[in-house]
Amino acid sequence: MKKARGAWTWALGLVVVVFVAFSVPPYLSGGTRVPAPEGNAWHYPVLVGHVLFGSIAILTCVVQVWPWFRRRFPVWHRWVGRVYVFGGVLPAGITAVSVGAVSPFGPVNQVGNVLMGSLWLGFTVAGWWNGKQRRFGAHRRWMVRSFALTASIISNRVWAVVTTIVFTPRLDSAFGGSEIALGQAIAGTTSWLGWVLPLVLSQWWLDRAKPRGAVPREAPAARG
(Lines give C-alpha, C1' and ligand atoms only; values in the text may rest on other atoms or scores of the structure.)
Protein backbone atom coordinates (compact mmCIF):
# COMPACT_ATOMS: atom_id res chain seq x y z
CA MET A 1 0.00 0.00 0.00
CA LYS A 2 2.82 2.39 0.91
CA LYS A 3 4.60 1.58 -2.36
CA ALA A 4 1.39 2.32 -4.28
CA ARG A 5 1.03 5.70 -2.57
CA GLY A 6 4.66 6.51 -3.31
CA ALA A 7 4.31 5.53 -6.97
CA TRP A 8 1.18 7.69 -7.25
CA THR A 9 3.05 10.69 -5.88
CA TRP A 10 5.99 10.19 -8.23
CA ALA A 11 3.64 9.90 -11.21
CA LEU A 12 1.82 13.06 -10.15
CA GLY A 13 5.11 14.88 -9.74
CA LEU A 14 6.23 13.89 -13.22
CA VAL A 15 2.96 15.06 -14.76
CA VAL A 16 3.12 18.37 -12.90
CA VAL A 17 6.74 19.09 -13.85
CA VAL A 18 6.05 18.34 -17.52
CA PHE A 19 2.87 20.41 -17.43
CA VAL A 20 4.61 23.44 -15.91
CA ALA A 21 7.61 23.11 -18.25
CA PHE A 22 5.37 23.24 -21.32
CA SER A 23 2.68 25.65 -20.05
CA VAL A 24 4.64 28.50 -18.48
CA PRO A 25 7.15 29.56 -21.20
CA PRO A 26 4.52 30.89 -23.67
CA TYR A 27 3.27 33.34 -21.04
CA LEU A 28 6.78 34.61 -20.37
CA SER A 29 7.42 35.25 -24.06
CA GLY A 30 4.01 36.72 -24.88
CA GLY A 31 3.14 33.71 -27.00
CA THR A 32 -0.12 32.79 -25.26
CA ARG A 33 -3.28 32.88 -27.35
CA VAL A 34 -5.43 34.36 -24.56
CA PRO A 35 -6.73 37.70 -25.89
CA ALA A 36 -6.77 40.70 -23.56
CA PRO A 37 -10.27 42.07 -22.90
CA GLU A 38 -10.81 45.46 -24.51
CA GLY A 39 -9.94 48.32 -22.16
CA ASN A 40 -8.14 46.09 -19.64
CA ALA A 41 -4.44 46.58 -20.33
CA TRP A 42 -3.66 45.14 -16.89
CA HIS A 43 -5.13 41.76 -17.87
CA TYR A 44 -2.05 40.17 -19.42
CA PRO A 45 0.52 41.02 -16.70
CA VAL A 46 -1.94 39.88 -14.03
CA LEU A 47 -2.55 36.69 -16.02
CA VAL A 48 1.21 36.08 -16.16
CA GLY A 49 1.39 36.63 -12.39
CA HIS A 50 -1.42 34.11 -11.92
CA VAL A 51 0.43 31.54 -14.02
CA LEU A 52 3.69 32.01 -12.09
CA PHE A 53 2.07 31.91 -8.64
CA GLY A 54 -0.09 28.99 -9.75
CA SER A 55 3.07 27.14 -10.81
CA ILE A 56 4.48 27.60 -7.30
CA ALA A 57 1.23 26.27 -5.86
CA ILE A 58 1.03 23.15 -8.04
CA LEU A 59 4.72 22.28 -7.60
CA THR A 60 4.66 22.65 -3.82
CA CYS A 61 1.35 20.81 -3.45
CA VAL A 62 2.98 17.69 -4.91
CA VAL A 63 5.50 17.77 -2.06
CA GLN A 64 2.72 18.35 0.46
CA VAL A 65 0.71 15.28 -0.55
CA TRP A 66 3.81 13.04 -0.53
CA PRO A 67 3.24 10.74 2.50
CA TRP A 68 6.93 9.89 2.95
CA PHE A 69 7.94 13.55 3.00
CA ARG A 70 5.28 14.45 5.55
CA ARG A 71 6.37 11.67 7.90
CA ARG A 72 10.12 12.09 7.43
CA PHE A 73 10.34 15.89 7.41
CA PRO A 74 7.43 17.39 9.42
CA VAL A 75 9.21 20.73 9.88
CA TRP A 76 9.85 21.06 6.15
CA HIS A 77 6.25 20.04 5.52
CA ARG A 78 5.16 23.10 7.48
CA TRP A 79 7.59 25.41 5.68
CA VAL A 80 6.66 24.13 2.22
CA GLY A 81 3.02 24.51 3.29
CA ARG A 82 3.61 28.18 4.02
CA VAL A 83 5.11 28.64 0.56
CA TYR A 84 2.12 26.81 -0.93
CA VAL A 85 -0.35 29.08 0.87
CA PHE A 86 1.33 32.49 0.85
CA GLY A 87 3.59 32.23 -2.19
CA GLY A 88 1.28 30.14 -4.31
CA VAL A 89 -2.45 29.88 -3.69
CA LEU A 90 -3.22 33.28 -2.16
CA PRO A 91 -1.66 35.42 -4.93
CA ALA A 92 -2.70 32.90 -7.60
CA GLY A 93 -6.26 32.82 -6.29
CA ILE A 94 -6.58 36.60 -6.09
CA THR A 95 -5.26 37.02 -9.62
CA ALA A 96 -7.50 34.16 -10.81
CA VAL A 97 -10.57 36.01 -9.56
CA SER A 98 -9.34 39.25 -11.14
CA VAL A 99 -8.67 37.88 -14.62
CA GLY A 100 -11.62 35.48 -14.42
CA ALA A 101 -14.06 38.33 -13.85
CA VAL A 102 -13.14 39.90 -17.20
CA SER A 103 -12.48 36.70 -19.15
CA PRO A 104 -12.91 37.25 -22.91
CA PHE A 105 -14.52 33.80 -23.20
CA GLY A 106 -18.01 34.75 -22.06
CA PRO A 107 -20.10 34.95 -18.87
CA VAL A 108 -20.28 31.20 -18.20
CA ASN A 109 -16.49 31.04 -18.17
CA GLN A 110 -16.30 34.18 -16.04
CA VAL A 111 -18.64 32.82 -13.36
CA GLY A 112 -16.86 29.46 -13.30
CA ASN A 113 -13.42 31.03 -12.91
CA VAL A 114 -14.47 33.50 -10.23
CA LEU A 115 -16.27 30.82 -8.22
CA MET A 116 -13.35 28.41 -8.52
CA GLY A 117 -10.85 31.09 -7.47
CA SER A 118 -13.00 32.09 -4.49
CA LEU A 119 -13.40 28.48 -3.31
CA TRP A 120 -9.68 27.86 -3.83
CA LEU A 121 -8.86 30.79 -1.57
CA GLY A 122 -11.47 29.80 1.01
CA PHE A 123 -10.46 26.13 1.20
CA THR A 124 -6.77 26.99 1.50
CA VAL A 125 -7.24 29.61 4.20
CA ALA A 126 -9.49 27.20 6.12
CA GLY A 127 -6.83 24.49 5.86
CA TRP A 128 -4.04 26.82 6.97
CA TRP A 129 -6.07 28.17 9.90
CA ASN A 130 -7.04 24.72 11.15
CA GLY A 131 -3.41 23.64 10.95
CA LYS A 132 -2.35 26.72 12.89
CA GLN A 133 -4.93 25.82 15.55
CA ARG A 134 -3.58 22.23 15.55
CA ARG A 135 -6.89 20.79 14.37
CA PHE A 136 -5.09 18.43 12.05
CA GLY A 137 -8.09 16.36 10.96
CA ALA A 138 -9.90 19.42 9.63
CA HIS A 139 -6.62 20.80 8.29
CA ARG A 140 -6.10 17.67 6.19
CA ARG A 141 -9.64 17.65 4.80
CA TRP A 142 -9.57 21.30 3.76
CA MET A 143 -6.14 20.90 2.20
CA VAL A 144 -7.28 17.88 0.20
CA ARG A 145 -10.00 20.09 -1.28
CA SER A 146 -7.45 22.85 -1.89
CA PHE A 147 -5.17 20.33 -3.62
CA ALA A 148 -8.06 19.21 -5.85
CA LEU A 149 -8.58 22.77 -7.07
CA THR A 150 -4.84 23.41 -7.44
CA ALA A 151 -4.40 20.32 -9.61
CA SER A 152 -7.63 20.99 -11.53
CA ILE A 153 -5.72 23.12 -14.03
CA ILE A 154 -4.42 19.86 -15.51
CA SER A 155 -7.88 18.32 -15.88
CA ASN A 156 -8.99 21.65 -17.31
CA ARG A 157 -6.62 21.15 -20.22
CA VAL A 158 -7.91 17.62 -20.77
CA TRP A 159 -11.52 18.80 -20.87
CA ALA A 160 -10.56 21.58 -23.28
CA VAL A 161 -9.45 18.93 -25.77
CA VAL A 162 -12.55 16.78 -25.18
CA THR A 163 -15.05 19.61 -25.54
CA THR A 164 -13.29 20.91 -28.64
CA ILE A 165 -13.58 17.48 -30.27
CA VAL A 166 -17.25 17.13 -29.26
CA PHE A 167 -18.47 20.67 -30.03
CA THR A 168 -16.53 21.65 -33.17
CA PRO A 169 -18.45 19.34 -35.58
CA ARG A 170 -21.64 21.11 -34.42
CA LEU A 171 -20.40 24.58 -35.40
CA ASP A 172 -22.96 25.08 -38.16
CA SER A 173 -25.87 23.27 -36.51
CA ALA A 174 -25.80 24.07 -32.79
CA PHE A 175 -23.85 27.34 -32.97
CA GLY A 176 -25.21 28.80 -36.18
CA GLY A 177 -21.75 29.03 -37.71
CA SER A 178 -20.58 31.42 -34.99
CA GLU A 179 -17.01 30.66 -33.95
CA ILE A 180 -17.43 33.06 -31.04
CA ALA A 181 -20.38 31.08 -29.69
CA LEU A 182 -18.43 27.86 -30.20
CA GLY A 183 -15.40 29.23 -28.36
CA GLN A 184 -17.52 30.44 -25.44
CA ALA A 185 -19.28 27.08 -25.19
CA ILE A 186 -15.96 25.22 -25.13
CA ALA A 187 -14.40 27.60 -22.61
CA GLY A 188 -17.51 27.72 -20.39
CA THR A 189 -17.97 23.96 -20.26
CA THR A 190 -14.26 23.39 -19.70
CA SER A 191 -14.03 25.95 -16.89
CA TRP A 192 -16.74 24.16 -14.91
CA LEU A 193 -15.86 20.53 -15.60
CA GLY A 194 -12.18 21.24 -14.97
CA TRP A 195 -12.62 21.99 -11.26
CA VAL A 196 -16.06 20.67 -10.27
CA LEU A 197 -15.27 17.03 -11.08
CA PRO A 198 -11.93 16.98 -9.17
CA LEU A 199 -13.62 18.64 -6.20
CA VAL A 200 -16.46 16.09 -6.21
CA LEU A 201 -13.92 13.28 -6.51
CA SER A 202 -11.87 14.64 -3.61
CA GLN A 203 -14.97 14.84 -1.40
CA TRP A 204 -15.92 11.28 -2.33
CA TRP A 205 -12.41 10.15 -1.40
CA LEU A 206 -12.55 11.97 1.93
CA ASP A 207 -15.93 10.45 2.80
CA ARG A 208 -14.78 6.99 1.69
CA ALA A 209 -11.52 7.17 3.62
CA LYS A 210 -13.20 8.19 6.86
CA PRO A 211 -14.35 5.17 8.94
CA ARG A 212 -18.00 5.26 9.91
CA GLY A 213 -18.55 6.69 13.34
CA ALA A 214 -14.92 7.72 13.64
CA VAL A 215 -14.16 11.09 15.13
CA PRO A 216 -10.84 12.55 13.93
CA ARG A 217 -8.44 13.16 16.78
CA GLU A 218 -7.26 16.72 17.07
CA ALA A 219 -4.36 18.08 19.00
CA PRO A 220 -5.39 20.69 21.57
CA ALA A 221 -5.32 24.20 20.24
CA ALA A 222 -2.29 26.19 21.34
CA ARG A 223 -3.15 28.92 23.78
CA GLY A 224 -1.94 32.34 22.93
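Residue numbers count from 1 along this sequence.
- Environment of CG in Leu201: crowded, with over 12 heavy atoms of neighbouring residues, nucleotides or ligands closer than 6.0 Å.
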Cut-off 3.5 Å, no hydrogens considered: what does the side-chain donor-acceptor table look like for residues 74-83, sequence neighbours left out?
{"unit_1": "His77", "atom_1": "ND1", "unit_2": "Gln64", "atom_2": "OE1", "d": "3.3"}
{"unit_1": "His77", "atom_1": "ND1", "unit_2": "Gln64", "atom_2": "NE2", "d": "3.3"}

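- For Phe86, the ring pair (Phe, Tyr, Trp, His ring centres under 6.0 Å) partners are Trp128, not counting sequence neighbours.
- Linking ILVMFWY side-chain heavy atoms closer than 4.5 Å, directly or via other members, places Val89 and Val63 in two distinct hydrophobic clusters.
- The closest donor-acceptor contact from the side chain of His50 to the backbone of Thr95 lies at 3.5 Å or more, if one exists at all.
- Partners of Arg70 according to the side chain to side chain donor-acceptor pair (under 3.5 Å) rule, which considers only residues two or more places apart in sequence or in another chain, do not exist here.
- Residues Asp207 and Gln203 are in side-chain contact: their nearest non-hydrogen atoms beyond the backbone lie under 4.5 Å apart.
- A heavy-atom distance below 4.5 Å is found between the side chains of Val85 and Met143.
- Proximity of Trp42 to Val99: side-chain heavy atoms (C-beta onward) are separated by under 4.5 Å at one or more points.
- Cluster annotation: Phe123 and Ile94 are assigned to the same hydrophobic cluster (Ile/Leu/Val/Met/Phe/Trp/Tyr, side-chain heavy-atom contacts under 4.5 Å, transitive).
- No single ILVMFWY cluster, assembled from side-chain heavy atoms under 4.5 Å apart, contains both Val111 and Phe105.
- Of the possible donor and acceptor atoms, one in the side chain of Asn113 sits under 3.5 Å from a partner among the backbone N and O of Asn109.
- In the hydrophobic clustering of this structure, Val46 does not group with Phe53; members are Ile, Leu, Val, Met, Phe, Trp, Tyr whose side-chain heavy atoms approach within less than 4.5 Å, directly or through other members.
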Under 3.5 Å, sequence neighbours excluded: what are the donor-acceptor pairs made by side chains of residues 187-197?
{"unit_1": "Thr189", "atom_1": "OG1", "unit_2": "Ala185", "atom_2": "O", "d": "2.8"}
{"unit_1": "Thr190", "atom_1": "OG1", "unit_2": "Thr163", "atom_2": "OG1", "d": "3.0"}
{"unit_1": "Thr190", "atom_1": "OG1", "unit_2": "Ile186", "atom_2": "O", "d": "2.7"}
{"unit_1": "Ser191", "atom_1": "OG", "unit_2": "Ala187", "atom_2": "O", "d": "3.4"}
{"unit_1": "Ser191", "atom_1": "OG", "unit_2": "Gly188", "atom_2": "O", "d": "2.8"}
{"unit_1": "Trp192", "atom_1": "NE1", "unit_2": "Val108", "atom_2": "O", "d": "3.1"}
{"unit_1": "Trp195", "atom_1": "NE1", "unit_2": "Gly112", "atom_2": "O", "d": "3.3"}
{"unit_1": "Trp195", "atom_1": "NE1", "unit_2": "Ser191", "atom_2": "O", "d": "3.1"}

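- Side-chain contact between Arg140 and Leu206 is present, with heavy atoms from C-beta onward closer than 4.5 Å.
- Partners of Trp159 according to the ring pair (Phe, Tyr, Trp, His ring centres under 6.0 Å) rule, which considers only residues two or more places apart in sequence or in another chain, do not exist here.
- The side chain to side chain donor-acceptor pair (under 3.5 Å) search around Ser146 returns Tyr84, Thr124, not counting sequence neighbours.
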